[in-house]
Engineer: 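Quick one: the structure is below, questions incoming.
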Amino acid sequence: MEGDKLSLPLFPEEPNNSENYFTRKRSWSASKHRIMLRYIQSYCYNLGGDKPYQSEHLNYVDGFAGRGKYTEGIGIEDFVNNSKFWSKYKHEFENTDGSPLIALKCAKLFREENRVNLRCFFIESKSSFNKKLHENCEAVAEGLSYKIYKPQTFEVAFPELMKDLGNYPTLFFLDAFAVKGMSFDNICDIGNYVSQYKGELFLLFHNIQVARHAGHYKTTYANSKEQKTDESYIKNLTKLLGVNSDIEWKPKWLELKSEPQKFERWALEYFKERMRKEGRFRGVTSFEIKETYNDVRPQYSIVVGSNHPEKAFGNFLNDFVCDEDKLLFFQDNYQGIEKFLDKEWEAEQKRRIAIIKTQSIKILREIKSEWKSFEDVITHIILKLNDLGCLKRTQHYNDVLGSLYQEGMLEIQKPGSKKRYTLNSLLKIVE
């Protein structure tokens, strides 16, 4: 066994509504928060500073901030306490922290080391949540730069928010509840901003809710009341997927309504492709957040748009998502101890390596005779794959490209002194 560890309690599922959401943090929310914590740190270390490409001020936007804190939580304290990076800080992270408090506590740490001023902007439409958000932020954010907008929807607050950003690099985190709350036009405006001033957009795409909303579309309705109700769901989905998207998603739903997961996947890819074409992001990708390793349906997908996908996706996010994926292979035993499922993990890794080897050959053949470094090829393959986090960069290096070289499918230039190749070695596929 790789090791045992004390189990974090997993809470039973509760009704899917905003009132219950902040009572208990679920495992998939903890996964999302760990990824955001790591990405905020990478974002601040990469873009914060006094070098020509850096800024002394960075922005973090939480468009659906909620209360900022859960009543009961899991998954943060063990992570930071066992992290070589975070353990060197005198941090204040708690399991109950929501994304606003995680961002503010990062801002505090990076201000103390004079690295960067992380300015935080929070939007929450529900008055009772907005009030609690003020209270929770005030408890940890003394001396920090942050703003909580008066209770209003993200779309209403959006023009004021964009004026407040000051042309600084901005990390947008949009964790909307279900499907409604933002428009595709908002997403395009964010894409235009990050293309000029740097940054990323993280957006939760609620796969199951997308299918449920599509399910309200029918060719006939029992009565006008039913039609009016269903049309509100249809409008929300069309608003998210983009103007006139109903021309495409409606017939696709009728085709796939007996296979809703296929429709969910189609809608996700449709949404990402429109972001690429209309949103001015240089790169768009996604990854799944699951509850267990063998779930066939994710809790949701996170779509990410970036102005610098090579570093954002290829260097940072890909390995963060891989690490989270591995945590799914810890499972409770009858004693309340989590044990790592070695056999299942190894089998899954072999399966992924076999698939990605085949995909990598196709990608390398598209490059044709062009010589590229191992470092650049790994990044290129990660960006070409449809989902982040399938394999870590080291696995691409050793288990995919290394295996292809051993099989005589790669030519190498600039070998290393001790090893036949290094990350700086050049390669191309043998035709």
Engineer: Under a plain distance cut-off of 3.5 Å, with no hydrogens placed, do Ser31 and Glu324 share a side-chain donor-acceptor pair?
Structural biologist: yes

Engineer: May I ask you to establish whether Arg115 and Tyr45 are in a cation-pi arrangement, using a distance under 6.0 Å from NZ or CZ to the six-membered ring centre and at most 45° from the ring axis?
Structural biologist: yes

Engineer: Donor-acceptor pair, Gln349 side chain versus Gln395 backbone, under 3.5 Å?
Structural biologist: no

Engineer: Please determine if Glu92 and Lys108 form a salt bridge, counting it only when a charged side-chain N lies under 4.0 Å from a carboxylate O.
Structural biologist: yes

Engineer: With a 4.0 Å cut-off, would you call Asp175 and Lys32 a salt bridge?
Structural biologist: yes

Engineer: What pairs with His213 under ring-ring contact (aromatic ring centres under 6.0 Å, His included), at least two apart in sequence or on another chain?
Structural biologist: Tyr233

Engineer: Are there more than 12 heavy atoms of other residues, nucleotides or ligands under 6.0 Å from atom CG of Asn82?
Structural biologist: yes

Engineer: How would you list, by chain and number, every residue that makes a ring-ring contact (aromatic ring centres under 6.0 Å, His included) with Tyr168, sequence neighbours excluded?
Structural biologist: His57

Engineer: Could you tell me if Gln331 and Tyr293 have a donor-acceptor pair between their side chains, going purely by distance under 3.5 Å?
Structural biologist: no

Engineer: Can you sort out the partners of Glu248 under salt bridge (Lys or Arg N to Asp or Glu O under 4.0 Å), two or more places apart, ordered by chain and number?
Structural biologist: none

Engineer: So, Asn186 side chain and Ser183 main chain: donor-acceptor pair closer than 3.5 Å or not?
Structural biologist: yes

Engineer: Compute the ring centroids of Tyr217 and Trp253, then answer whether they are less than 6.0 Å apart.
Structural biologist: no

Engineer: Could I get the full list of salt bridge (Lys or Arg N to Asp or Glu O under 4.0 Å) partners for Lys180, not counting sequence neighbours?
Structural biologist: none

Engineer: Can you tell me if NZ on Lys88 sees more than 12 non-hydrogen neighbours from other groups inside 6.0 Å?
Structural biologist: yes

Engineer: May I ask you to check whether over 12 heavy atoms, not counting those of Lys350, lie within 6.0 Å of atom NZ?
Structural biologist: no

Engineer: Mind checking what makes side chain to side chain contact (heavy atoms under 4.5 Å, CB included) contact with Asn81, not counting sequence neighbours?
Structural biologist: Glu77, His91

Engineer: Is it true that Phe202 and Tyr39 have ring centroids separated by less than 6.0 Å?
Structural biologist: yes

Engineer: Any chance NZ of Lys290 has more than 12 other-residue heavy atoms, nucleotides or ligands included, within less than 6.0 Å?
Structural biologist: yes

Engineer: Who are the salt bridge (Lys or Arg N to Asp or Glu O under 4.0 Å) partners of Asp246, not counting sequence neighbours?
Structural biologist: Lys250

Engineer: Verify side-chain contact (heavy atoms from CB on, under 4.5 Å) between Ser99 and His33, making sure each step is shown before the conclusion.
Structural biologist: CA-CA 6 Å; Ser99 49; His33 289 149; 4.3 Å; yes

Engineer: Please confirm whether the backbone N or O of Ser245 pairs with a side-chain atom of Thr238, one donor and one acceptor, at under 3.5 Å?
Structural biologist: no

Engineer: Are side-chain heavy atoms of Phe287 and Asp325 found at a separation under 4.5 Å?
Structural biologist: no

Engineer: Of the non-hydrogen atoms in Asp97 and Lys25, which two are nearest, and what is the gap between them?
Structural biologist: O-NZ, 2.7 Å

Engineer: Under the ring-ring contact (aromatic ring centres under 6.0 Å, His included) test, which residues partner Tyr421, sequence neighbours left out?
Structural biologist: Phe374, Tyr397, Tyr405

Engineer: Under a 3.5 Å threshold, yes or no: a donor from one side chain and an acceptor from the other, between Asn59 and Arg119?
Structural biologist: yes

Engineer: Can you find a pair of side-chain heavy atoms, one from Tyr197 and one from Ser55, that are under 4.5 Å apart?
Structural biologist: no

Engineer: Tell me, please, which residues at least two apart from Asn424 pass side chain to side chain contact (heavy atoms under 4.5 Å, CB included).
Structural biologist: Thr422

Engineer: Kindly write out the residues that satisfy salt bridge (Lys or Arg N to Asp or Glu O under 4.0 Å) with Glu269, not counting sequence neighbours, or none if the list is empty.
Structural biologist: Arg265, Lys272

Engineer: For residues 393-404, which residue pairs pass the salt bridge (charged side-chain N to carboxylate O under 4.0 Å, His left out) check, not counting sequence neighbours?
Structural biologist: Glu375-Arg393

Engineer: Should Phe184 and Val243 count as side-chain neighbours, where that means a heavy-atom distance under 4.5 Å?
Structural biologist: no

Engineer: How would you list, by chain and number, every residue that makes a ring-ring contact (aromatic ring centres under 6.0 Å, His included) with Phe154, sequence neighbours excluded?
Structural biologist: Phe64, Phe158

Engineer: Is there any salt bridge (charged side-chain N to carboxylate O under 4.0 Å, His left out) pair reaching into residues 188-210, and which pairs are they, with sequence neighbours excluded?
Structural biologist: none

Engineer: Distance alone, cut at 3.5 Å: any donor-acceptor contact between the side chains of Asp376 and Thr379?
Structural biologist: no

Engineer: Any carboxylate oxygen within less than 4.0 angstrom of a Lys/Arg side-chain nitrogen, looking at Glu348 and Arg351?
Structural biologist: yes

